[in-house]
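Reckoned from all heavy atoms, side chains included, excluding hydrogens, waters and symmetry mates.
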Amino acid sequence: MAPRILLVEDDRLIIEALSELLSGEGYAIDVASTQDEAIALALGDGPDGLAARPYALLLLDVTLAQGNGFAVCSAVKQARPNVPVIFLTASDDEFNTVAGIQMGADDYIAKPFRPRELLARIAAAIRRSGASHGVLQFGPLSIDVDRAHVERNGTDIVLSALEYRLLLLFATNRGKLVSRDMIREALWDEAGTYIEENTLSVYIKRLRDKIEDNPSEPRMIVTVRGLGYKAFG
């Protein structure tokens with residue numbers, strides 16, 4: 001299952017941008033735009049007072065149209081102290097930054113932020129908390145990177161070492177052009193020999209046979225004629 005993040009933000013444009021960014025990295029995203037909504041989602045109404053789907057991380061804006069991120073952080077940290085919290089703050093807002101850290105936030109990042117930096121901070125916070133299971137979502141596939149294990153809708157998919165390495169290459173480059181030269185270089189270390197054109201085509205076909213609904217009309221790994229492939233998932 002993909003790590004789930006609760007994004008607490010009331011700016012529609014930021015919500016859209018962050019949702020696209022985080023989903024593209026394999027995270028599952030829930031969004032709350034008010035203090036009360038965020039606390040309800042984070043703590044839930046279950047018998048133990050916790051959410052049915054525990055969050056791997058909360059990404060909180062300090063200022064909300066209704067309430068504020070501090071109250072959300074305080075409520076969540078009291079009930080689930082191990083859940084990491086990252087605050088989004090204004091670049092010159094030293095007071096809010098210090099206040100957030102003092103009440104238990106794990107990190108903060110100033111707006112406007114650089115996407116890759118934010119992703120790195122999120123991954124580091126989740127890793128420190130022990131909540132990350134190294135699971136990468138690629139379409140209907142769940143790839144457990146720690147165990148080199150692949151499932152599709154709960155059913156195991158058995159891949160060879162080369163097929164698994166190839167799948168990871170596509171899963172981590174979704175939406176980007178992956179040239180055949182890139183693929184051969186990625187597989188070279190695993191195979192110990194250079195991958196010929198015809199052999200590469202065979203590997204692609206075998207992988208499609210195992211992960212596509214209709215391998216003859218692939219939707220996850222699409223051929224870009226004369227250039228390579230693009231992955232969608």
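Leu166 has its side chain out of reach of Leu168: every pair of non-hydrogen atoms, C-beta onward, lies at least 4.5 Å apart. Looking at heavy atoms from C-beta onward, Phe232 lies out of side-chain contact with Arg174 at the 4.5 angstrom threshold. Taking 4.5 Å as the limit, some side-chain heavy atom of Phe113 sits within range of a side-chain heavy atom of Leu18. Side-chain contact check for Leu141 versus Ile211: some heavy-atom pair is nearer than 4.5 Å. At least one side-chain heavy atom of Leu119 sits under 4.5 Å from a side-chain heavy atom of Leu21. Residues Leu159 and Leu207 are in side-chain contact: their nearest non-hydrogen atoms beyond the backbone lie under 4.5 Å apart. Here the side chains of Lys111 and Ile14 are in contact, with some heavy-atom distance below 4.5 Å. At a threshold of 4.5 Å between non-hydrogen side-chain atoms, the residues Gln66 and Asp36 count as touching.
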message: I'd like to know whether His149 forms a side chain to side chain contact (heavy atoms under 4.5 Å, CB included) with Asp156, so could you lay out the CA-CA distance, the side-chain angles of the two residues, the decisive distance to 0.1 Å, and finally the verdict.
response: CA-CA 8 Å; His149 179 77; Asp156 293 351; 3.1 Å; yes
message: As a quick check of understanding, evaluate side chain to side chain contact (heavy atoms under 4.5 Å, CB included) for Asp11 and Asp61, giving each step before the final call.
response: CA-CA 9 Å; Asp11 185 310; Asp61 191 3; 5.9 Å; no
- prompt: Does the pair Thr199 and Arg184 meet the rule for a side chain to side chain donor-acceptor pair (under 3.5 Å), with working shown?
  reply: CA-CA 10 Å; Thr199 305; Arg184 282 196 293 269; over 6 Å; no
- prompt: Are Val178 and Phe170 close enough, and set up right, to give a side chain to side chain contact (heavy atoms under 4.5 Å, CB included), and what steps lead you there?
  reply: CA-CA 8 Å; Val178 180; Phe170 284 123; 4.1 Å; yes
task: Kindly indicate, with the supporting measurements, whether the criterion side chain to side chain contact (heavy atoms under 4.5 Å, CB included) is fulfilled by Val8 and Leu6.
output: CA-CA 6 Å; Val8 184; Leu6 176 58; 4.0 Å; yes
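Across Ile86 and Ala125, no two heavy atoms sit closer than the pair CD1-CB, 4.2 Å. Considering every non-hydrogen atom in both Ser23 and Ile29, the closest pair reads OG-CG1, 3.7 Å. The nearest pair of heavy atoms linking Phe87 to Cys73 is CZ-CB, 3.7 Å. In terms of heavy atoms, Phe138 sits closest to Ala231 at CZ-CB, 3.9 Å. Taking all atoms of both residues into account, the shortest heavy-atom contact from Val76 to Ala42 is CG2-CB, 3.6 Å. Nearest heavy-atom pair across Gln35 and Gly67 is OE1-CA, 3.1 Å.
Other residues, nucleotides and ligands place more than 12 heavy atoms under 6.0 Å from the CD atom of Glu117.
Residue Asp106 holds its CG atom at 10.0 Å from CG of Leu58, rounded to the nearest 0.5 Å. The line from CD of Glu151 to CG of Asn153 is 9.5 Å long, rounded to the nearest 0.5 Å. Between Leu118 atom CG and Glu25 atom CD the span is 10.0 Å, to the nearest 0.5 Å. The distance from the CZ atom of Arg121 to the CZ atom of Arg116 is 14.5 Å, given to the nearest 0.5 Å. Note: Leu57 CG to Asp107 CG = 9.5 Å, rounded to the nearest 0.5 Å. Tyr55 OH to Leu7 CG: the interatomic distance, rounded to the nearest 0.5 Å, is 10.5 Å.
Tested against Lys210 for a side chain to side chain contact (heavy atoms under 4.5 Å, CB included), the candidates Ile157, Val150, Leu167 yield a single pass: Ile157. Here the options are Val222, Leu177, Ile204, Val224, the test is side chain to side chain contact (heavy atoms under 4.5 Å, CB included), and the partner is Tyr229; only Ile204 passes.
Under 4.0 Å is where a charged nitrogen must lie from a carboxylate oxygen, and between Glu212 and Lys205 no such pair does. Here Arg152 pairs with Asp213 in a salt bridge; the nearest charged N to carboxylate O distance falls below 4.0 Å. Taking 4.0 Å as the cut-off between side-chain N and carboxylate O, Asp209 and Arg206 do not count as a salt-bridged pair.
A donor and an acceptor atom, one from each side chain of Ser201 and Arg180, are located under 3.5 Å apart. Inspection of the Asn214 and Ser216 side chains reveals an N or O donor paired with an N or O acceptor under 3.5 Å.
The backbone N or O of Ala65 sits less than 3.5 Å from a side-chain atom of Asp10, completing a donor-acceptor pair. A donor-acceptor contact shorter than 3.5 Å links the side chain of Ser19 to the backbone of Ile15. Not a single donor-acceptor pair under 3.5 Å links the side chain of Asn68 to the backbone N or O of Leu64.
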